[in-house]
Amino acid sequence: MKQHHARFTLLIGLGLTLAACGQPAAPTETMTAQARGSTLPTLGTLAPGKRQELNQNLRVNVVFVGYEQGSGPQQISTETFKAQLPQSYRTVRRYPAFYGLPADMGINFTYDYNVVYADQTYEDRFFDFLKTSATPAPLTLFQEAYNKQVYPPEATDSDATNIARTITDTVAIDAPSTEKWLANNAPAGVDTTQYTVYFINWYGRSDYQDHVYTKTGEPDPDTGFDFGLLNSRKLIAWGGTPSDDEETGTGQKANARVWFHDLSAGPESWTSNWDITNTDVDGNDVADYRLPPVWEYGSTKATYRPFTDLSGDLGKVTRYAAINLLFTASPLYSPAISPPALPRHIDLDVTIFQGEAGFDATTLLKPDLFRAELQDLQPNTQFSVDVDSAPFDGRLLEVYKCYLEGSSCYGNAISKAGYGDLFKYHNSRITQYLEGDGDYELPIFAYHAGELDIPFLGIADDNYADGTQSYVWGADNAATRQRYGLTTTLIHEVGHHLGMSHPHDGYDSETGLDYGGYDEFTYANVADESNSMMSYIDLNWDFSQFDRDNMNRYLTSVYLNQANNLLAKLATSSKAGGLTAALTTADTAAASALSAYANMNYAGAVKQAHTAYFTVLDAMTAAGIKVEPQAWPADYKAKSGNPRFVDTVNYLRNLP
């Protein structure tokens, strides 16, 4: 314990960790061990300084249920649909890329699309399942708002209504049960352990009912508030539930990778698809591209844009929501924590600053759940949680109030970059927050602000130098704690710190575009409608099957590349000759990792890659060869012009 703390304290003097996943440890990447005069054994998979690329061809199933092929406005042109789809994907570390630094991870995909149209028998079975699963429900606020629309929006004449049809009644259908049915009952030729999108259209059948999907029964663990009861959390899409999900996964096919999207449901709030008359729903003077309910396609009613390309629109959803944001997403930060000395044990050091008299804010954090959910995301890493309490007063309170006022307590460039004052305050005092219980310690600062406003629910910040993750913040106050505690916010933010992106913002490889669910990609917010802790939709507190796959792929790459980087250092040491047995074991594990990866057994791949890396590290340590974590640069200067994807409260989280 003490040794770890001392090592971390030394690092704090320099900064914290620098991301270097997949980067060679020496410029002579192709130099062999023999050329160096090393006594390294000949290895089959690992090699000194080798950049291990992970290249994979993935089949993506797209199943149309209730849609027919054809050229009609509510039919699907397979050619038009497929024209929107990517052929390949190159994974990048998004935040270092904002600083103009190398971002490529060497995790690459090509896609093989299997487009299937369900036959009549399958459709009858599925829609019978929906009908028998449905329960009567009141119209949502957003269905009512859809019914009341006129065009142009400022018109007051009720005769000016410009919607294709009026919703008079509706039913609710459980989203996880629907996902489970689709995962367990695939059409012929579809394997749902492969990535699978179901596009559903019930509209037009004689048994059609207006409907929304719901996900309830998983309330905030600190407050008991069930966000699934809100009108804004009625859904048109869902997926990504792991089969071991405690609440809804039981009975689902193991390793199913299913997400469904139903434009005959709703309309709903999350993608603003109830609004077919306003060009700019978020008021930022940029047109918002949205997909309306399916019955609006081909309507001659006047709307904010013509709804004429259903095939292309569903192709956009497949590319910019399902593939880029869910199935094969890029990480926000580098998943390589403190290379080349990667951690076995991550300690989450939480300090809760108490700002509400008579209320103990530590009751808003469930440490065991906090740890357990992160353990699911990285099962080969040990997590621990330390919780301390401190008063919310003095200089910290001054700095916080400066931020609320839009001013700076420091008056320097970093403070103008958004959250720089808070970073600067805590960074200058960082050693007082550390417990010394892990070989990587993550300082987490949680403000319970009492009657003061909170400018965010949570932040996973960078280091203002090169896009390396730094600290995590959470915030709550007397009003917010009626719905949100700290547990779910901190699970989400530490997810970012470990690398995870939101399912509503990400990267498109073929265009090199980093984008979010707004403006021309407003419809991409639909990817939030998934079983992901990284979503803003607040309906579950677990990491999805997609999250787990992505993290397992990231870390498979990290461990194999860092093992090769260690070998590059070992190749220059005279002590290498005594490590043949250990290095052979590591090489065998690395080969097993690549084999498992090729078969989409990503959990098995990362477990073997973890073994390979730590076998090399332990052998070097035993031989007296020192391997240190890498430190941040000491120069903390905010760089202007870089977009900052910090996590904050946005209008979606405040919907009714």
Side-chain angles (χ1 to χ4, degrees), residues 91 175-176 179-180 183 193 195 215 218-221 227 237-250 252 254-259 321-322 324-333 335 337 346 348 366-383 385 442 444 457-458 460 469 472 474 486-506 527-556 558 600-607 610 647:
T91 307
E179 176 194 1
K180 188 179 302 182
T193 66
Y195 294 110
K215 167 67 168 66
E218 199 166 346
D220 185 284
F227 288 87
W238 192 254
T241 304
S243 59
D244 62 357
D245 181 275
E246 299 88 347
E247 291 79 19
T248 58
T250 303
Q252 181 160 298
N255 299 313
R257 297 174 168 95
V258 166
W259 184 70
N324 289 352
L325 303 184
L326 297 176
F327 298 166
T328 55
S330 283
L332 185 65
Y333 291 117
I337 301 292
I346 296 177
L348 307 171
K366 301 289 188 296
D368 289 345
L369 179 62
F370 184 23
R371 184 201 61 78
E373 295 298 344
L374 293 164
Q375 197 73 66
D376 285 343
L377 183 64
Q378 288 193 9
N380 301 295
T381 303
Q382 178 188 352
F383 289 91
V385 180
L442 171 54
I444 300 170
L457 283 177
Q469 56 267 67
V472 162
L486 292 170
T487 303
T488 60
T489 295
L490 296 185
I491 295 169
H492 177 107
E493 300 305 338
V494 174
H496 281 317
H497 186 92
L498 298 177
M500 303 304 297
S501 290
H502 296 126
H504 57 254
D505 62 66
D528 258 356
E529 298 183 17
S530 59
N531 196 82
S532 174
M533 182 65 249
M534 301 312 299
S535 167
Y536 274 179
I537 207 164
D538 306 312
L539 298 181
N540 72 289
W541 317 118
D542 311 285
F543 291 98
S544 72
Q545 183 65 48
F546 310 136
D547 293 332
R548 294 183 188 186
D549 285 352
N550 284 313
M551 180 57 74
N552 287 338
R553 288 190 292 252
Y554 303 156
L555 289 181
T556 298
V558 165
M600 294 182 69
N601 178 9
Y602 302 124
V606 73
K607 184 175 182 180
H610 180 275
D647 191 15

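Annotation: side-chain hydrogen bond (donor to acceptor under 3.5 Å, both in side chains) contacts of N255 (sequence neighbours excluded): none. Every residue two or more places apart in sequence or in another chain that forms a side-chain hydrogen bond (donor to acceptor under 3.5 Å, both in side chains) with H497 is listed here: Y440. In this structure, the ring-ring contact (aromatic ring centres under 6.0 Å, His included) partners of Y195, at least two apart in sequence or on a different chain, are F327. With sequence neighbours excluded, the residues forming a side chain to side chain contact (heavy atoms under 4.5 Å, CB included) with A603 are N552, N601, listed by chain and number. When the side chain to side chain contact (heavy atoms under 4.5 Å, CB included) test is applied to A329, the partners found at least two apart in sequence or on another chain are N550, Y554. The side chain to side chain contact (heavy atoms under 4.5 Å, CB included) check on Q382 picks up H345, with sequence neighbours excluded. Looking at residues two or more places apart in sequence or on another chain, you find no salt bridge (Lys or Arg N to Asp or Glu O under 4.0 Å) involving D376. Under the side-chain hydrogen bond (donor to acceptor under 3.5 Å, both in side chains) criterion, N540 pairs with no residue at all, not counting sequence neighbours. Under the side-chain hydrogen bond (donor to acceptor under 3.5 Å, both in side chains) criterion, S330 pairs with Y89, sequence neighbours left out. Among residues two or more places apart in sequence or in another chain, the ring-ring contact (aromatic ring centres under 6.0 Å, His included) test is passed with F543 by none. With sequence neighbours excluded, the residues satisfying ring-ring contact (aromatic ring centres under 6.0 Å, His included) with Y602 are Y597. For K180, the side chain to side chain contact (heavy atoms under 4.5 Å, CB included) criterion is met by N184, Q252, not counting sequence neighbours.
Within the 4.5 Å cutoff, the side chain of D549 has heavy atoms near those of the Q545 side chain. For the pair K215 and N531, the minimum side-chain heavy-atom distance is below 4.5 Å. Within the 4.5 Å cutoff, no side-chain heavy atoms of L555 are placed close to those of H610. Inter-residue side-chain proximity for T488 and D538 is flagged as unmet; no heavy-atom pair is nearer than 4.5 Å. The closest side-chain heavy-atom distance from E246 to D542 is below 4.5 Å.
For K366, the NZ atom counts as densely surrounded, since its 6.0 Å shell holds more than 12 non-hydrogen atoms of other residues, nucleotides or ligands.
Taking every heavy atom of both residues into account, L369 and T487 meet most closely at CD2-CG2, 4.0 Å.
Between the CG atom in L539 and the CZ atom in F227 there is a gap of 9.0 Å [rounded to 0.5 Å]. Here CE of M533 is found 7.0 Å from OG1 of T489. Values are rounded to the nearest 0.5 Å. Summarising the geometry, atom CD belonging to Q375 is positioned 9.0 Å from atom CG belonging to N380; distances are rounded to the nearest 0.5 Å. Put simply, CG on L486 and CG on L457 are 9.5 Å apart, with the number rounded to the nearest 0.5 Å.
Remark: side-chain polar atoms of E179 are paired, donor with acceptor, to backbone N or O of T241 under 3.5 angstrom. With hydrogens and angles disregarded, a donor-acceptor distance shorter than 3.5 Å links the side chain of W541 to the backbone of P219. At least one donor-acceptor pair under 3.5 Å links the side chain of R257 to the backbone N or O of T193.
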